[in-house]
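Here's the structure we're looking at; comments come further down.
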Amino acid sequence: MIARFGAACARWAERNLPRPFVFALLINGAVLAAGLVWWPRSGRLAGVLDAWFAGFWSRPLLAFAFQMALILITGFVVADAPAVRRALARVGGAWRTPREAVALAAASGLVLSFVHWGLGLVGGGLVAREIGREAARRGRPVPYPLVVAATYAGFLVWHNGLSGSAPLAVAQPDHPFVSIAGAIPLSETIFSPFNLALSAALSAAVLVAAVAMAGRAPCPEPRPEPPGPPSGEAVGPPRGGLGPALERMRLITALVTVPAALWVLLRLVPGVWSGTRSVDLDTILFLFLMGGFALHGTPARAAEAFANGTRPAAGILLQFPLYFAALGVLRGAGLVERLATAGVAAAGWLAAHGLPARWAFQTLTFLSAAVVNLAIPSGGGQWALQGEVVLRAAADPAAGVATGRAVIAFACGDAWTNMLQPFWALALLSITGTRAREIMGYTIAIMIVVLPVYLAAFFF
């Protein structure tokens with residue numbers, strides 16, 4: 001049944017889904033129309049258009065977009081290092097049947113996405129591409145669009161993982177909502193038994209669904225290599241002279257990687273330095289940036305890998321300003337807060353009619369985050385808008401939910417509808433040479449299959 005459903009979704013998506021940029025434009029049109037209806041003050045048209053324009057150039061959000069692009073690029077730089085590429089190539093060849101190829105792609109996406117969302121998209125994409133290459137070498141076709149979709153399905157666990165925006169944000173002692181809930185340690189979010197068990201259950205469901213769909217997915221002939229320069233290697237013969245010689249010296253890279261290693265030792269290892277720093281988005285980004293430099297060794301290789309990584313990040317730089325513009329209208333019209341507040345009220349109504357209050361609150365927090373994510377596909381940006389409402393509601397004893405659990409429910413909803421919103425697949429599509437409409441049918445099917453896992457988990 002899962003196989004037939006996935007095949008039907010894939011056929012529908014291939015015929016009907018446009019490219020992600022079209023989604024960004026359509027969402028802006030819809031949000032502008034909604035803003036004109038709900039704008040709370042006088043000067044409606046001017047107010048909506050001013051909020052839309054201001055959203056494009058919001059300095060904090062543009063800085064956040066740069067962080068997101070840089071995380072994706074640094075994930076590419078790490079995944080493209082020669083030692084890592086060799087390891088990924090070995091992983092990509094470790095299959096014998098098309099079903100095993102799909103299972104391998106899903107497992108790689110799940111593990112890498114939990115470690116780091118940028119590594120999941122880029123490293124998972126390289127594994128999927130290697131599976132396609134291996135299929136061509138063996139002359140044995142695999143359901144390549146499903147392989148790519150299974151890799152992207154690993155993104156379901158990114159916000160539950162080590163680079164989850166909301167859990168990392170609330171772990172900081174000075175996060176914006178600290179007056180409501182205080183700093184929430186990672187032991188109550190990412191490393192809580194509930195989150196680890198839920199992530200394991202989601203992973204199992206993704207694997208089962210992806211392998212089941214492999215039975216009916218078509219296996220086209222291997223396609224040509226995606227366009228782009230070779231990765232991580234200099235193009236052309238080595239040049240002579242002092243400048244090129246410096247570019248090939250590992251000692252030059254060590255001028256920044258050695259101090260970085262010392263900083264990690266002094267600030268991140270407990271007991272070594274009294275001023276131990278909490279792990280946040282900047283820390284994760286710094287570790288991957290310096291780790292990428294160290295893995296490539298020479299300045300020339302690191303710079304070229306960084307340049308190659310900017311291609312997958314082009315979608316972020318093109319579309320994020322459009323989403324920020326929509327965010328400006330949503331914020332100005334109070335629409336996001338209306339949606340989140342309505343969800344909390346609905347949870348109270350469900351609890352009054354016999355459903356467990358904790359289940360109702362978590363489920364509606366999950367669903368509200370899922371809906372808003374379709375318009376704002378940014379976990380960090382979305383938390384900035386919804387976080388206060390979620391934490392204030394969770395602080396109410398009637399909700400029956402610890403604040404850490406509320407953050408995880410939000411994170412799950414944000415990640416869940418990424419299977420329907422193709423924005424974050426842009427890097428993966430660029431690496432694998434596929435189109436959104438080729439994979440979205442499969443990801444929509446997986447999205448529906450895993451929904452009962454979330455709903456069951458919120459009972460516990």
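The structure presented is a predicted model; accordingly, all values stated were derived computationally and were not measured. Index from 1, following the sequence.
- Among all heavy-atom pairs drawn from Gly124 and Leu112, the shortest one is N-CD1, 3.6 Å.
- Residues passing the side chain to side chain contact (heavy atoms under 4.5 Å, CB included) test with Val84, sequence neighbours excluded: Ala81, Leu88, Leu295.
- Pairing each heavy atom of Ile439 with each of Ala149, the nearest pair is O-CB, 3.7 Å.
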(message) Run the side-chain contact (heavy atoms from CB on, under 4.5 Å) test on Leu428 and Phe155 for me, step by step, so that the C-alpha distance in whole Å, both residues' side-chain angles and the decisive distance to 0.1 Å come before the verdict.
(response) CA-CA 11 Å; Leu428 184 68; Phe155 209 51; over 6 Å; no
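- A distance of 4.5 Å separates NE2 in His159 from OG in Ser165, rounded to the nearest 0.5 Å.
- In this pair, Trp416 and Phe366 present their aromatic rings tilted. The plane angle is within the 30 to 60° band.
- Not counting sequence neighbours, Phe114 has no partner by the ring pair (Phe, Tyr, Trp, His ring centres under 6.0 Å) test.
- No option in Leu162, Val407, Leu196 other than Leu162 meets the side-chain contact (heavy atoms from CB on, under 4.5 Å) test with Ile190.
- In terms of modelled atom types and a separation under 3.5 Å, the side chain of Ser163 and the main chain of Trp117 share a donor-acceptor contact.
- Although no hydrogens or angles enter the test, the distance criterion places no donor-acceptor pair under 3.5 Å between the side chain of Thr74 and the main chain of Leu289.
- Every pair passing side chain to side chain donor-acceptor pair (under 3.5 Å) that includes a residue from residues 181-198 is listed here, sequence neighbours excluded: Asn160-Asn195.
- The side chain to side chain contact (heavy atoms under 4.5 Å, CB included) check on Ala128 picks up Val147, Val148, Thr151, Thr432, with sequence neighbours excluded.
- Remark: Phe460 engages no residue in a ring pair (Phe, Tyr, Trp, His ring centres under 6.0 Å) (not counting sequence neighbours).
- In this structure Arg96 satisfies the side chain to side chain donor-acceptor pair (under 3.5 Å) test together with Glu100, sequence neighbours excluded.
- Applying the side chain to side chain contact (heavy atoms under 4.5 Å, CB included) rule to Phe53 yields the partners Trp57; only residues at least two apart in sequence or on another chain are considered.
- You'll find the side chain of Val264 stays beyond 4.5 Å of the side chain of Met290, heavy atoms only.
- What you find for Val401 and Ala406 is that their closest heavy atoms are CG1-N, 3.7 Å.
- The side chain to side chain donor-acceptor pair (under 3.5 Å) check on Arg392 picks up Glu388, with sequence neighbours excluded.
- Counting only heavy atoms from C-beta outward, the side chains of Tyr454 and Gln362 never approach each other to under 4.5 Å.
- The two residues Gly292 and Val77 come nearest to each other via the heavy atoms CA-CG1, 3.7 Å.
- Looking at residues two or more places apart in sequence or on another chain, you find no ring pair (Phe, Tyr, Trp, His ring centres under 6.0 Å) involving Trp39.
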(request) Under the side-chain contact (heavy atoms from CB on, under 4.5 Å) rule, what do Trp263 and Phe286 come out as? Steps first, then yes or no, please. (result) CA-CA 10 Å; Trp263 182 87; Phe286 180 79; 3.7 Å; yes
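- Between Phe410 and Pro167 the shortest side-chain heavy-atom distance does not fall below 4.5 Å.
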(request) Go through the steps to decide whether Glu134 and Trp95 satisfy the test side-chain contact (heavy atoms from CB on, under 4.5 Å), and finish with yes or no. (result) CA-CA 9 Å; Glu134 188 65 24; Trp95 58 272; 4.0 Å; yes
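- In this structure, the side chain of Tyr152 engages the main chain of Asn418 through a donor-acceptor pair within 3.5 Å.
- Residues that satisfy the side chain to side chain contact (heavy atoms under 4.5 Å, CB included) test with Ala69, not counting sequence neighbours, are Ala313, Ile316, Leu317.
- Using a 4.5 Å cut-off on side-chain heavy atoms (C-beta onward), Leu186 and Leu168 make contact.
- The shortest heavy-atom contact between Val453 and Ala205 is CG2-CB, 3.9 Å.
- Residue Leu110 is tested with Val157, Leu202, Leu156 for a side-chain contact (heavy atoms from CB on, under 4.5 Å); the sole match is Val157.
- For Gln386 against Ser368, the heavy-atom pair with the smallest separation is NE2-OG, 3.5 Å.
- For Trp52, the ring pair (Phe, Tyr, Trp, His ring centres under 6.0 Å) partners at least two apart in sequence or on another chain are Phe56.
- With sequence neighbours excluded, the residues satisfying side chain to side chain donor-acceptor pair (under 3.5 Å) with Thr417 are Asn373.
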(request) Could you walk me through whether Phe458 and Trp359 pass ring pair (Phe, Tyr, Trp, His ring centres under 6.0 Å), step by step? (result) CA-CA 5 Å; Phe458 294 148; Trp359 180 86; 7.9 Å; no
